[in-house]
Amino acid sequence: MSKLPGNAGVSLLGDKSLDFYRDPVIFCQQRIDKHRSRLFQERLLNRPTVFVCSVEGMRELLCEKSNIFLKDPTDLMTNMYGDTVVTTNGEEACLLRLSLNNLFSGTRLESSADYISSVCERCLKDLSLSGQPQCVYTVFKRLGTELVLGLFLNVRAEEQPEVFQEIMQLCTEHWHGLISAPVRVKVPLWTSGFAKALDARSKLMDIIKDKLENDTRGFVGSLGSLPLPNSSSAAQHLLLFISALIPKALASLLTSFTLALAGPEQRDSRREAIHNPDHLHRVLLEVQRLWPPFIGGRRIAEKDCTLAGLCVPKDYGAVYVSYFVHRDPEVFQQPDSFLPERWSGRNAGQEHLLCSFGNGPRSCIGSTLTDIFLKEACRYLLKNYDWCLDPTSQDLAYKWLPVSRPANPPSVSFARLDQTMFS
């Protein structure tokens with residue numbers, strides 16, 4: 001076994017969390033270049049941590065050795081959401097996953113198709129109406145919010161606009177507290193973001209519990225009847241499913257898709273994606289590869305082990321960085337180029353090389369639903385619009401935390417295909 005390159009530093013003084021959160025891409029690239037290794041160690045969240053930036057290391061971390069690298073039971077997600085399928089470990093996580101699996105597969109997914117189509121129609125039908133450029137990230141975030149609140153909570157914006165607006169605002173406050181310092185402080189005229197998040201969480205839980213008690217339809221009714229470990233489990237999972245995190249991830253991917261296929265030079269690719277579902281699938285895989293919505297994930301080593309032949313001591317943190325895993329030159333030729341065709345031929349069906357939504361036994365339980373929704377939204381755009389950046393020159397540099405998107409939300413002009421302005 002070889003020693004991890006890099007230095008985990010000393011407690012507090014050696015912590016590099018701020019450097020990482022300022023710009024995780026620059027942080028990792030500098031160390032990959034310095035150590036000539038896609039695995040290295042630093043101190044993150046005041047814990048010695050191995051950063052995993054290769055496909056080989058990711059596979060071991062999330063698949064072969066997932067029983068060694070566990071979720072951190074003290075992290076902020078656990079504090080804010082409680083014990084859910086995302087935050088638990090071991091047998092409890094497996095049992096939760098088995099209980100919830102039927103809600104994200106088979107007939108449950110099929111019954112969601114009409115609603116997903118109606119949400120796309122309602123939110124995207126007027127993109128060209130004003131004749132003005134659209135802030136697409138905002139449009140897609142609203143689309144994602146309508147989707148999750150309608151599917152998971154039976155709250156539909158067109159039927160209950162005031163209730164929808166209230167819950168959306170509470171989800172936003174809850175999210176902003178999640179990414180603020182975990183300090184509960186209230187003084188006259190000022191309340192910390194974390195304290196606001198806890199207040200929003202309390203109000204959301206009241207709404208959710210009322211739904212579980214009184215609404216027997218759809219996802220809410222099915223979730224309430226599952227054999228979950230305790231009386232609060234269903235409400236905690238619903239809080240997770242309606243959180244602002246999911247609409248932001250959907251908005252991130254749809255924004256990247258729109259930018260990747262923007263302009264007249266991508267018209268042929270857009271036309272092919274309309275008529276060839278396989279091409280659309282490849283485009284979305286390439287979008288996810290280059291612009292993953294989440295920078296990665298974190299685990300804790302339960303015992304001494306190795307990753308890619310390098311020694312990882314017990315209690316070390318392990319962070320996989322999707323951006324660099326997806327650009328591993330050992331696996332992806334021309335890693336920085338947008339090449340949907342790389343997913344065809346002998347490389348078809350290689351989605352497991354990506355880790356945007358986790359991988360292995362702890363992969364995202366809603367990944368199939370996400371895929372259905374993304375494809376429905378993309379098909380609606382492709383069938384109805386041409387689009388281009390407006391203005392054509394914009395700063396499209398990405399920020400990667402807490403959810404990736406262009407740092408300056410891009411503006412895009414849309415034209416109906418029967419009245420196209422880009423011909």
Side-chain angles (χ1 to χ4, degrees), residues 20-29 32 52-55 58 134-141 143-144 244-263 265-266 269-270 273 279-297 319-329 331-343 347 350-359 363-364 366-367 370-371 373-375 377-378 381-382 387-389 394-412:
F20 177 75
Y21 290 122
R22 278 175 178 158
D23 195 320
V25 171
I26 291 177
F27 178 92
C28 292
Q29 188 64 63
I32 290 171
V52 178
C53 301
S54 72
V55 170
M58 177 273 291
Q134 301 288 321
C135 177
V136 289
Y137 181 78
T138 301
V139 171
F140 295 143
K141 188 166 64 172
L143 171 64
L245 188 66
I246 298 174
K248 285 177 177 289
L250 296 172
S252 170
L253 288 167
L254 287 172
T255 298
S256 297
F257 168 84
T258 304
L259 297 180
L261 294 190
E265 65 276 10
Q266 290 292 338
S269 187
R270 292 199 298 272
H279 181 67
L280 175 58
H281 183 66
R282 292 192 290 266
V283 167
L284 286 172
L285 285 176
E286 192 69 346
V287 165
Q288 182 182 332
R289 185 186 72 83
L290 285 171
W291 304 287
F294 305 119
I295 192 64
V319 172
Y320 64 92
V321 187
S322 301
Y323 178 95
F324 286 100
V325 172
H326 295 176
R327 287 169 167 79
D328 185 347
V331 176
F332 300 105
Q333 295 182 356
Q334 303 180 57
D336 295 314
S337 299
F338 180 74
L339 300 171
E341 59 271 20
R342 75 169 74 245
W343 299 99
N347 294 321
Q350 299 295 303
E351 291 91 334
H352 61 276
L353 299 176
L354 302 179
C355 59
S356 299
F357 295 97
N359 210 311
S363 61
C364 175
S367 58
T370 299
D371 186 61
F373 170 69
L374 288 173
K375 287 177 178 175
C378 291
L381 292 172
L382 292 164
W387 64 86
C388 68
L389 286 170
Q394 297 183 46
D395 180 5
L396 300 179
Y398 272 62
K399 74 175 191 68
W400 298 100
L401 290 169
V403 179
S404 70
R405 65 168 174 81
N408 300 302
S411 60
V412 174

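Numbers for residues simply follow the sequence, beginning at 1.
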(request) Of all the heavy-atom pairs spanning Phe294 and Val403, show the shortest one and how long it is. (result) CE2-CG2, 4.0 Å

(request) Please lay out, stage by stage, how Cys378 and Leu254 fare under the test side chain to side chain contact (heavy atoms under 4.5 Å, CB included). (result) CA-CA 8 Å; Cys378 291; Leu254 287 172; 3.8 Å; yes

(message) Under a 3.5 Å distance rule, please check whether Arg342 uses its side chain to pair with a backbone N or O of Phe332 as donor and acceptor.
(response) no

(request) Considering non-hydrogen atoms only, spot the tightest contact between Leu284 and Lys375 and give its length. (result) CD1-CG, 3.6 Å

(request) Quick one: pull up CD in Gln394 and CG in Leu389 and give me the separation to the nearest 0.5 Å. (result) 5.0 Å

(request) List the steps, then state whether side chain to side chain contact (heavy atoms under 4.5 Å, CB included) holds for Val136 with Trp387. (result) CA-CA 11 Å; Val136 289; Trp387 64 86; over 6 Å; no

(message) With a sphere of 6.0 Å drawn around CD of Gln333, does it hold more than 12 non-hydrogen atoms of other residues, nucleotides or ligands?
(response) no

(request) Determine the sole option in Gln350, Glu286, His279, Glu351 for which the side chain to side chain donor-acceptor pair (under 3.5 Å) test with Trp343 is passed. (result) Glu286

(message) How close do Leu280 and Ala273 get, counting heavy atoms only, and between which atoms?
(response) CB-O, 3.9 Å

(message) Checking the side chain of Asp336 only, and the main-chain atoms of Arg327 only, is there a donor and an acceptor separated by less than 3.5 Å?
(response) no

(request) Could you give me the CA-CA distance, side-chain angles and deciding distance for Leu285 and Leu354, then say whether side chain to side chain contact (heavy atoms under 4.5 Å, CB included) is met? (result) CA-CA 8 Å; Leu285 285 176; Leu354 302 179; 4.0 Å; yes

(request) Would you give the length of the straight line joining atom CG of Leu381 to atom CZ of Arg270, rounded to the nearest 0.5 angstrom? (result) 10.5 Å

(message) Between Thr258 and Phe140, is the side chain to side chain contact (heavy atoms under 4.5 Å, CB included) condition met? List the steps.
(response) CA-CA 10 Å; Thr258 304; Phe140 295 143; 3.3 Å; yes

(message) Using every non-hydrogen atom in the two residues, find where Ser356 and Gln288 come nearest and quote the distance to one decimal.
(response) OG-CG, 3.2 Å

(message) Just verifying a value: how many Å separate Ser363 OG and Phe357 CZ, rounded to the nearest 0.5 Å?
(response) 11.0 Å

(request) Would you check if the side chain of Ser367 reaches a backbone N or O of Cys364 as a donor-acceptor pair within less than 3.5 Å? (result) yes

(request) Calculate, to the nearest 0.5 Å, the distance between atoms OG1 and CG belonging to Thr370 and Leu253 respectively. (result) 8.5 Å

(message) Once rounded to the nearest 0.5 Å, what's the spacing between atom OG of Ser322 and atom CG of Asn359?
(response) 9.5 Å

(message) Using the rule side chain to side chain donor-acceptor pair (under 3.5 Å), only one of Ser252, Ser404, Ser256 pairs with Tyr398; which is it?
(response) Ser256

(message) Is the shortest side-chain heavy-atom distance between Leu401 and Pro24 below 4.5 Å?
(response) yes

(message) Can you tell me which residue among Phe20, Tyr21, Tyr323 is in a ring-ring contact (aromatic ring centres under 6.0 Å, His included) with Phe27?
(response) Phe20

(message) So if I apply the side-chain contact (heavy atoms from CB on, under 4.5 Å) rule between Val331 and each of Val55, Asn347, Val325, which one comes out positive?
(response) Val55

(message) I need the Phe257 CZ to Thr255 OG1 distance, nearest 0.5 Å.
(response) 11.5 Å

(message) If you compare all heavy atoms of Leu396 against all heavy atoms of Pro406, which two are closest, and at what distance to 0.1 Å?
(response) O-CB, 4.4 Å

(request) Using a 4.5 Å cut-off on heavy atoms from C-beta on, say whether the side chain of His326 contacts that of Pro335. (result) no

(request) Give the minimum heavy-atom separation between Pro292 and Trp400, together with the two atoms involved. (result) O-CZ3, 4.0 Å

(request) For Ile26, look at atom CD1 and say whether over 12 heavy atoms of other residues, nucleotides or ligands are found less than 6.0 Å away. (result) no

(request) Determine whether Phe338 and Pro340 make a side-chain contact, defined as any pair of heavy atoms from C-beta on separated by less than 4.5 Å. (result) yes

